[in-house]
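Heads up: the structure comes next, in structure tokens.
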2 protein chains.
Amino acid sequence: MSFSTSEENYLKAIFKIAERKGVPVSTNAIAKELHTSAASVTDMLQKLAEKQLVQYRKYRGVELTSDGKEVATQLIRKHRLWESFLVEKLGFSWDEVHDIAEQLEHIDSPLLVNRLDAFLDFPKFDPHGDPIPDRNGKFTLRSQIPLHQLSSGEVGIVIAVQNHEKGYLTLLDELDIQIGTSIRLIETFDFDNSLKIEVSDSREHLISDHISKNIYVRKV
Amino acid sequence: MSFSTSEENYLKAIFKIAERKGVPVSTNAIAKELHTSAASVTDMLQKLAEKQLVQYRKYRGVELTSDGKEVATQLIRKHRLWESFLVEKLGFSWDEVHDIAEQLEHIDSPLLVNRLDAFLDFPKFDPHGDPIPDRNGKFTLRSQIPLHQLSSGEVGIVIAVQNHEKGYLTLLDELDIQIGTSIRLIETFDFDNSLKIEVSDSREHLISDHISKNIYVRKV
DNA sequence: AAGAATATTTAGATTTACCTAAAAAAAAAT
DNA sequence: ATTTTTTTTTAGGTAAATCTAAATATTCTT
Ligand SMILES: [Mn+2]
Ligand SMILES: [Mn+2]
Ligand SMILES: [Mn+2]
Ligand SMILES: [Mn+2]
């Protein structure tokens, strides 16, 4: 009932791709997510299928079994709890924590995870606004829309960002955009889908579609 | 400048054996410490020697180079800081933390270690009384003697235990012996070197030489 | 419905970290 | 100073996780 770091990373990748693009998940999509070769992915899928963690049909892609989903969910729980710990208790900023959490999520101790959860007061969302599954694997659901889906003049509160790369997050810092920031959509430019926005009732910026599509808000 | 978990475990083992028994450290001693075969140890020593982490002479044993010592010291620092965190912040008891710290000590992030150190208020000793090296690798030295070196009637305060196994530590819990506990040596039995002791001016126990030799005290 | 392009699997290697059994060296005992 | 015992190294192999190149299956395009 314990898995290698490698097996865990594959299960988490499959879970995340399935969330974004649905099932079945293709070999190439996994290879891209994990920066590895398609051949390596095929090897691992056969292994995971034998262990009943995925349902695999040659040339047709994979889907997680309920066991596989359980493992992936616990990993995501650990990742997001550790990120919360690093920000809330150790004073890290949101652009510094992902890579460290990639390591910490593989620490194997259910007791530690639950103690950490309690120490943090059972947080429901991590520093990037992503929901933290509870000890039973249950995610808190919220309605959220990508920033560009606001109508002109509408205001949204940032509740999540979908990209955790350091470069992306420090760019948001430059724009004074964090979780909780209010953004008014002023105008959409159809030419390249860039947006003119007003941040916190003060600064105005023109942001690319690549930036805006990773920002999720709830309407006020 | 980054090493595998396996390489790190060998370096730490060599450091600890050298501390206890001096240099050079034999192949067999390492094999025993890491529960592995002598042949595996030889393989690894050759690899570590190539990387300039140990000075290795065939059939003659090894000694850490200054690079090797540096790596080992940082590992010990991480291990003991994580143990302190688990006890001080997450409410673990001293017999539950060693195995988890064995995993956490391999997390690679110097910034994390130093933030953790600050979060814990720069502790000088871990939950077992072992000194925590500072960020420059400096250990706080104290004079400590094994319990059996007290003379009859003398009192010592427990400042460290040398064995971290769960079984040993829960036994000490049974005897109400913790870091800081005062123990009076009542009598030594030469037959098997067992000791009659009085714990915290109240309970008397007869303890085996195997138990007493892992308890270190300072005279009051 | 072919043919071309893309995706996936298989074949065959490589690296790391192990192992057992045999050989060689060092240390201990006579 | 031999002989015996112990320690250490070498030889040869295995399993996990990766790779590249070649073969095969699927999907897209005409
Ligand atoms: Mn993350
Ligand atoms: Mn996150
Ligand atoms: Mn320990
Ligand atoms: Mn300790």
Side-chain angles (χ1 to χ4, degrees), chain A residues 1-14 17-18 20-64 68 71-72 75 102-103 105-106 108, chain B residues 1-14 17-18 20-64 68 71-72 75 102-103 105-106 108:
Chain A
M1 290 294 160
S2 206
F3 307 98
S4 72
T5 294
S6 203
E7 290 169 327
E8 291 188 340
N9 284 336
Y10 275 91
L11 293 171
K12 193 170 62 131
I14 295 165
I17 296 164
R20 290 201 295 268
K21 304 189 180 166
V23 289
V25 171
S26 74
T27 300
N28 259 4
I30 299 167
K32 199 173 167 191
E33 175 84 14
L34 296 176
H35 307 105
T36 189
S37 72
S40 298
V41 174
T42 299
D43 284 348
M44 184 58 91
L45 293 184
Q46 288 165 348
K47 187 177 158 197
L48 294 176
E50 250 173 48
K51 294 192 177 186
Q52 317 264 37
L53 294 164
V54 299
Q55 211 186 302
Y56 171 53
R57 292 174 51 226
K58 259 192 186 183
Y59 292 102
R60 285 285 121 103
V62 277
E63 188 170 351
L64 292 176
V71 175
L75 272 169
E102 284 292 310
Q103 297 180 62
E105 71 189 8
H106 301 290
D108 181 25
Chain B
M1 290 293 162
S2 205
F3 306 98
S4 72
T5 294
S6 203
E7 290 170 327
E8 290 188 341
N9 285 336
Y10 275 91
L11 293 171
K12 195 170 61 127
I14 295 165
I17 297 164
R20 291 200 294 267
K21 305 190 182 166
V23 289
V25 171
S26 75
T27 300
N28 259 4
I30 299 167
K32 198 172 168 191
E33 175 83 15
L34 296 177
H35 308 104
T36 190
S37 72
S40 298
V41 174
T42 300
D43 284 348
M44 184 59 91
L45 293 184
Q46 287 166 347
K47 187 176 157 198
L48 294 176
E50 250 172 48
K51 295 192 177 185
Q52 317 264 36
L53 294 164
V54 299
Q55 210 186 304
Y56 172 52
R57 291 173 51 226
K58 261 192 186 182
Y59 293 103
R60 286 285 123 101
V62 278
E63 186 171 351
L64 293 176
V71 175
L75 272 169
E102 284 293 310
Q103 297 180 62
E105 72 189 6
H106 301 289
D108 180 25

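Throughout, a chain's letter reflects where its sequence line sits, starting with A, and its residues are numbered from 1.
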Can you list the residues that meet the side chain to side chain contact (heavy atoms under 4.5 Å, CB included) rule with A/A29, with sequence neighbours excluded?
A/I17, A/S26
Residues of residues 37-46 of chain A with any non-hydrogen atom less than 4.0 angstrom from an atom of DNA chain D: list those, numerically ordered, please.
A/S37, A/A39, A/S40, A/D43
Residues touching DNA chain C, which here means a heavy atom under 4.0 Å, drawn from residues 2-13 of chain A:
none
Can you name the residues that form a salt bridge (charged side-chain N to carboxylate O under 4.0 Å, His left out) with A/E7, not counting sequence neighbours?
A/K47, A/K51
On a heavy-atom basis, which atom in A/Y56 and which in A/Q46 lie closest, and how many Å separate them?
CE2-CG, 3.8 Å
Please give me the minimum heavy-atom distance between B/P24 and B/G61, naming the atom from each residue.
CB-C, 4.1 Å
Please round to the nearest 0.5 Å and tell me the distance separating atom CG of B/D108 and atom CE of B/M1.
12.5 Å
Look up atom CG in B/L45 and atom OH in B/Y10, then write down how far apart they are to the nearest 0.5 Å.
7.5 Å
When the distance from NZ of B/K32 to P of D/dT6 is rounded to whole Å, what number comes out?
14 Å
In Å and rounded to the nearest 0.5 Å, what is the CD1 to CD1 distance from A/I30 to A/I14?
4.0 Å
Partners passing side chain to side chain donor-acceptor pair (under 3.5 Å) against A/T42 (at least two apart in sequence or in another chain)
none
For B/E33, salt bridge (charged side-chain N to carboxylate O under 4.0 Å, His left out) partners two or more places apart:
B/R20
Name all residues meeting the side chain to side chain contact (heavy atoms under 4.5 Å, CB included) criterion together with A/A18; count only those two or more places apart in sequence or in a different chain, and write none if there are none.
A/V23, A/V25
Could you list by number each residue of residues 53-60 of chain B showing a heavy-atom separation from DNA chain D of less than 4.0 Å, or answer none if no residue does?
B/Y56, B/K58, B/Y59
Neighbours of DNA chain D within residues 22-31 of chain A, by heavy-atom distance under 4.0 Å:
none
Who pairs with B/Q55 by side chain to side chain contact (heavy atoms under 4.5 Å, CB included), at least two apart in sequence or on another chain?
none
Please round to the nearest 0.5 Å and tell me the distance separating atom NZ of A/K58 and atom CZ of A/R60.
12.5 Å
Closest non-hydrogen atoms of B/G68 and B/L11, given as atom of the first, atom of the second and distance, are CA-CD2, 4.4 Å
Polar atom pairs between nucleotides 2-5 of chain C and protein, under 3.5 Å, N or O only, would you list them?
none

Mind checking what makes side chain to side chain contact (heavy atoms under 4.5 Å, CB included) contact with A/E105, not counting sequence neighbours?
A/N9, A/K12, A/L75, A/K78, A/H79, A/E102
Between atom OG of B/S6 and atom CG of B/L34, what is the distance when rounded to the nearest 0.5 Å?
8.0 Å
